[in-house]
Structures are given as structure tokens and as C-alpha cells.
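Let me begin by presenting the structure, written as C-alpha cells, before commenting on it.
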Amino acid sequence: MFTKGHFSQEIRLIHAPTGEPVWIQWNAIAIRDKRSGEVTSLATISANITERKKTEAALRQSEERIRSFVESAPFPIGVYIGKEMRIELANQSIIDVWGKGNDVIGKRYADILPELSNQHIYEQLDLVYTTGQPFHAKYQQVDIVIDGELRPFFFNYSFTPLFDGAGKVYGVMNTAAEVTDLVMARKKVEESEAQFRHLVMQAPVAMAVFKGDDLVAEIANDYYLPLVDRTREEFLGRPLLEALPEARARLEPLVKQLLHTGEPVILSEYQIILNRHGRMETCYFNGIWEPLRDVNGKANGFMVVAHEVTVQVIARQQIEEIVAQRTHELAQANEALLRSNQELERSNANLEEFAHAASHDMKEPIRKVLTFSDRLKASLNTRMTDTERHLFERMENSTHRMGLLVDDLLEFSHVSERPLEMEEADLNECVHRVFTDLELAIEEKKATIRVENLPVIKGYKRQLQQLFQNLIGNALKYSKTTIAPEITITARLVKGQDAPIPLLPDLDDQLFHWITVSDNGIGFEQQYAERIFGMFQRLHGKTEYAGTGVGLSIARKVVENHQGFIWAEGQEGEGARFHILLPA
């Protein structure tokens, strides 16, 4: 027990009066005989160490609480001891940030994170340990090797010195907060703002940005500043209403409206008086004021896109004055034209009545001329000379032509008198009735007629039958003597915008039945395509082809009665094509 010559032990006793524990430090030293070396007696020294033991217990409890706090803290904390910065404590948060595994306690900080050697962090730790002054960093980039790859992170971190009882630094506590996501988001915002600024500055139209309670001009591109006749120094950094004081009365209501509603304000020919080029000018602008919002969605500024239209507005105002004057003059002319039209309508009505009456009144005299001529020729049969007989033939032919002309005029007057109401008209039935009426002519000419399926339209049946009778009869009449006539009738549906002739713009979406009647007859030169629709117009002599020159006039009148269009195409010796557009 005393082989070493001394003995020391801490003894815990219970103090009887209070029942509280008392700690004694008991020390014993063996006293030996000088000659034999045997222990002859003991010297003891005892000391009450209760307070020291209480202090040590309190210290252990404090360390345990600190350790518990460190380990449970939701942010990274580490404690590094000594000049070598050995890791005394490291909670899971900081271990996860390092990404080196959990076996870090007792190791040197530099051994765990060697990649920090050129990032000044070792120097920062050493400075805190040496000087006892804390170090703080904000939004600092720290590159850490994770899974073999050096990756950038951003932290707000602090190095805080730890002092012992003597006031000497014995270690450093490291606290940190990772702000990588925040920094990256801020960078994206900065990049977005830079791109936005670049967009505004490079835009090919006048743009400016105003922000804050005072709506300070932050951006104005090179197209905007000339509009307000301000230099960049005069305009930027100043509130809008101070930079353009002469326009306050017009701009202030717009600003209040935009900030109150948070809705864009669209301007069209907005009038503002600006001090430009040394004088007050009345200006007009088109544009939009688009609100800019803060993170809470509240409007805290706006962007202006403007386009000056002063020249155009003034020009339009001048044109409107001229138009108003011309409109007044035109109204007066229209009144005169209306009176003329009314007179013309009365004249046309009288003319149609006259044509109708004259046609009826002329048919009887023509019949009598033919009758008396026939009787006179029979009575003088043997006594007539060849010359007289020829004269009788010419008189009869002329009278027959007169009769045909009267019939055509009568038909034309009938066409001009529209029925009260349109009805469903099947064009296939109309064409087949024409075949019946022209049966003998078709057989004599040995004509071939091909008809596609034709539409049913709203119209006047009798007039539509007369239209096809004139067109088919025309094709038979002007056929070649050496080739049997071939007549083709086709139909298809088109929009007005796709029609081959120019129509009014409001008919672009109107549907039309496009009907074509084509033949292989003698044709005509295209320069006469419009002339052939005129009354009494003929391209050939009376002896070559019979007729009065009224048939195609009737055809056009029928098409016009149906709000349609008719035109012709031809080539001499190559046949003719008659095109009709009838509203669907």
C-alpha cells in the first residue's frame, strides 16, 4: 500500500447535522527507518475539497449542456482546441456541411478540410486564436470537396475565441449559416435586373423605369430622353413630377390611378404639354404604363413605354377638318344626285313601261304586215318578176327580225320586273327545261351537253331558266360548222376573296356558287368580252348568225337581279366560257 511512500485519495463523507455530502482529500506519507527501511510511522494531511468538487460538478453539467446545445443546434457549430485547431465538438449540421463522414472528433481542422488552404480560412482561425478577437463573414463563398468534386457554397459564419479561467484563449468556436440558396437567388435577381436594364436600354422604342415612393427615374433609354428633351443627368435620379414639372397636372392623376389600382394604364393619343426645345409644346403619345411590384405584390413603381404620335395626330386633325368640309360639300352633292337618281328612276320606269307597251302594241302590226304580205304575194304569184319576189323576201325577213326584236324587248322588260319574292330554285330543273325547249336545235346540231350537279338557290325560277336558255342557245348558235358542239356546265362553291374577279372587301367571306358554261364554238377576241353584254351588240353580221343582240343583256340582267356577277372569257376559234357568281 505504501510501496511508493505516499498515498492520496478523495473520500466522500456525510455531514451528520445537515446530511449533505462532504469531500475530503486525504494524503498520507510513510516514514521509514533509515537503517532497516521499514515503515515506522505515517504523516497525514487532510483537506476539505467539497467546494472544488461542487465546482467541478457544475462545470461538467455546464459542459454537458453546451455539448447538448451544440449537438442539437439546427445550424452548424464546431469547437476547435489549441493552436492545431483539433476538433473538440462538431454537431451533425456542420458534419453534414463538411461532407467528410462522422469520424471527425479529435482530428485537426486542416486535415478534415485541406481544400480551404488557399481560401484564407486557416489564417482567419489563427488570427482569432492569436488575438482573441472574433471574426465574422457574410455571404462568403467557401469551396468544399463533396464526393470528390469541389463545389461552391455560401455562408454567414463567425469564429469566436474561447477563454479559460486565466483569460487565455484555448480554442475557437465556429458558428455558421448556409446561405447558398439565398445568394444564388439574389444573383439570379441581379442577373434578371441586369438583363431587364439591358433590355430597356437596347429597346427600339422609348422606355423608362420609375421606382419608390417618389417614383425616381432609375432607367431611361436613348429613345426616351429626347422625347422629354432632358439630358441623362437632368432626368435620372429625380422624381418624375420634379423632372417634368410642366406635365404634373396631366401625369399626377395617371400615377395615382396606377399605384392605386395596380393595373396597367394604356394611353392612346394622350395629350401632354412639355417644355421642349426652349418652348412649351403640345405633344401626343401612345403608350403603356406597366406597374412594377415588390415581393408582397404591391405596386412600387412602373415602366413606361411611349411612342410619340404628335405629327400623325396633327395631320389627322387637319385631314378631319378637310374631310368635314368635303363631307359637307359631298352631302350637298348627294342631295343633288339623289334628286337626279329619282328623276332617272322615274325615267327608267317610264322607259320600261314604254318598252313593255310598245312591244305589245307592235306585235299586232307586225303580224298584220306578215299576213297581208303573204296574201299579196299569193295574189301576185304569177305576175311578179324575180326582182319583186326578192323584194317580198327581204320585207318578210325584216319583218321576222322585227318580230324577234319585239319578243326580246318584251322578254327584257319582263326580266326587269322582279317577282315579289324569291323561291327555292333547283338549277338542275331549270337546265332540263331548257333542254326540252331547245330539243330540236340540239338534235340538228348533234350537240353533246355535260352538266355537273348544280345547286339549289333562292331566286326567280323563270328568270334563271331564261339565263341558261340564252347561254346554251348562244353556244348552239355560235358553234363551228365542222365540229359538233360540246357544251359543259360546271359548279363549285367559293368565297368572295377567292373569286377570279375583284369584289368589294365586305364580300370576302360571302359564299358564292361559281357556275361556268363553256363551249367549243367559234369564240371571240377577249377585247370584246364586256361589249357582248351590251344591248343590241353583235360581233357578226345578220346574214352569218341570226339574232337581235339582246340575249346576253337579258342574261346579265337576270344575274344582277340575283345580286350576282357574270363575265366572259374567249379566244377566237377556241370557244367561249361564261362565268356566273350567284350568292349561296
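Note: hydrogens, waters and symmetry copies are ignored here, and every other heavy atom, side chains too, is used. Keep in mind it's a predicted model, so treat the numbers as computed, not measured.
Looking only at atom types and distance, the side chain of Gln124 has no donor-acceptor partner in the side chain of Asp126 under 3.5 Å away. Looking only at atom types and distance, the side chain of Glu269 has no donor-acceptor partner in the side chain of Tyr284 under 3.5 Å away. Asn174 and Tyr80 are linked by a side-chain donor-acceptor pair at a separation below 3.5 angstrom, with hydrogens and angles left out of the test. Using modelled atom types and a 3.5 Å distance limit, the side chains of Asn102 and Gln92 yield a donor-acceptor pair.
Salt bridge Asp222/Arg232: present, at least one basic N to carboxylate O contact under 4.0 Å. Salt bridge absent: Glu321 and Arg316 never bring a charged side-chain N and a carboxylate O closer than 4.0 Å. Using a cutoff of 4.0 Å between basic side-chain nitrogens and carboxylate oxygens, Arg230 and Glu246 are scored as salt-bridged.
Closest non-hydrogen pair, Leu259 versus Gly301, comes out as CD2-N, 4.3 Å. Between Gln526 and Glu569, the closest heavy-atom pair is OE1-CA, 3.3 Å. When all heavy atoms of Asn156 and Tyr139 are compared, the pair lying nearest together is OD1-N, 2.6 Å. When all heavy atoms of Asn221 and Ala206 are compared, the closest pair comes out as OD1-CA, 3.7 Å. For the pair Phe524 and Ala576, the tightest heavy-atom approach, listed with the atom from each and the gap, is CE2-CB, 3.7 Å. Between Pro161 and Gly132, the closest heavy-atom pair is CG-O, 3.2 Å.
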*Taking it one step at a time, do Phe159 and Thr175 satisfy side chain to side chain contact (heavy atoms under 4.5 Å, CB included)?*
CA-CA 7 Å; Phe159 292 143; Thr175 57; over 6 Å; no

*Worked verdict on Asn275 versus Glu281 for side chain to side chain donor-acceptor pair (under 3.5 Å)*: CA-CA 6 Å; Asn275 186 358; Glu281 295 184 4; over 6 Å; no

_Gln133 vs Leu127, side chain to side chain contact (heavy atoms under 4.5 Å, CB included): CA-CA, chis, key distance, verdict_ = CA-CA 8 Å; Gln133 299 295 320; Leu127 187 65; over 6 Å; no

_Applying ring-ring contact (aromatic ring centres under 6.0 Å, His included) to Phe285 and His307, what does each step give before you reach the verdict?_
CA-CA 6 Å; Phe285 295 92; His307 173 63; 8.9 Å; no

*Begin with the C-alpha distance, continue with both residues' side-chain angles, and end with the deciding distance and a verdict on side chain to side chain contact (heavy atoms under 4.5 Å, CB included) for His513 and Leu493.*
CA-CA 5 Å; His513 295 293; Leu493 202 62; 3.5 Å; yes

*Trace of the side chain to side chain contact (heavy atoms under 4.5 Å, CB included) decision for Glu88 with Ile105*: CA-CA 6 Å; Glu88 175 79 7; Ile105 303 301; over 6 Å; no

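In this structure, His277 places its NE2 atom where more than 12 heavy-atom neighbours from other residues, nucleotides or ligands lie under 6.0 Å away. Other residues, nucleotides and ligands contribute more than 12 heavy atoms inside 6.0 Å of the CG atom of Asp164. Within 6.0 Å of atom CG in Asp181, 12 or fewer heavy atoms from other residues, nucleotides or ligands are found, so the atom counts as exposed in its surroundings. Summarising the local packing, NZ of Lys83 is surrounded by more than 12 heavy atoms from other residues, nucleotides or ligands at distances under 6.0 Å. Around atom NE2 of His136, more than 12 heavy atoms belonging to other residues, nucleotides or ligands sit under 6.0 Å away.
Taking 4.5 Å as the limit, every side-chain heavy atom of Leu254 sits out of range of all side-chain heavy atoms of Leu258. A 4.5 Å side-chain heavy-atom check between His579 and Ile515 finds every atom pair outside the cut-off. Between Leu467 and Val559 the shortest side-chain heavy-atom distance falls below 4.5 Å. With contacts defined as side-chain heavy-atom distances shorter than 4.5 Å, the pair Ile288/Val265 does not qualify. In this structure, the side chains of Tyr129 and Leu162 stay at 4.5 Å or more apart for every pair of heavy atoms. The closest side-chain heavy-atom distance from Val97 to Phe153 is not below 4.5 Å. Proximity of Ile81 to Met85: side-chain heavy atoms (C-beta onward) are nowhere separated by under 4.5 Å. Side-chain contact between Leu182 and Met184: absent, with no pair of heavy atoms (C-beta onward) separated by less than 4.5 Å.
Of the possible donor and acceptor atoms, none in the side chain of Tyr157 sits under 3.5 Å from a partner among the backbone N and O of Gln140. Side chain of Arg250 to backbone of Gln271: a donor-acceptor contact under 3.5 angstrom is found. Between the side chain of Ser117 and the main chain of Pro114, a donor-acceptor pair closer than 3.5 Å is present. In this structure a side-chain-to-backbone donor-acceptor pair under 3.5 Å is missing from Asn91 to Pro76. When atom types are taken as modelled, the side chain of Arg86 and the backbone of Tyr109 share no donor-acceptor pair closer than 3.5 angstrom. Not one N or O on the side chain of Asp519 forms a donor-acceptor pair closer than 3.5 Å with the backbone of Arg577. Remark: the backbone N or O of Val216 is not paired with any side-chain donor or acceptor of Asp214 at under 3.5 angstrom. Side chain of Thr180 to backbone of Phe154: a donor-acceptor contact under 3.5 angstrom is found. Not one N or O on the side chain of Asp143 forms a donor-acceptor pair closer than 3.5 Å with the backbone of Glu115. Counting only distance, with no hydrogens or angles, the side chain of His328 and the backbone of Ala324 share no donor-acceptor pair below 3.5 Å.
Distance CG/Asp229 to CZ/Arg279: 9.5 Å, rounded to 0.5 Å. Annotation: the span from Leu215 atom CG to Glu242 atom CD amounts to 11.0 Å, rounded to 0.5 Å. Note: Ile580 CD1 to Leu427 CG = 9.0 Å, rounded to the nearest 0.5 Å. Atom-to-atom distance recorded for Ile457:CD1 and Glu423:CD is 11.0 Å, nearest 0.5 angstrom. For the atom pair CG of Asp111 and CD of Glu84, the computed distance is 9.0 Å after rounding to the nearest 0.5 Å. Here the CG-CG distance, from Leu251 to Leu241, works out to 6.5 Å after rounding to the nearest 0.5 Å.
With Phe565 as the aromatic partner, Arg556 does not meet the cation-pi criteria of under 6.0 angstrom to the ring centre and within 45 degrees of the ring axis.
Using the six-membered ring where Trp is involved, Phe302 and Trp289 have ring planes that are parallel, under 30° apart on the 30 and 60° scheme.
Residue Val451 forms a side chain to side chain contact (heavy atoms under 4.5 Å, CB included) with just one option from Thr488, Val517, Ile487, Ile489, and that option is Ile489.
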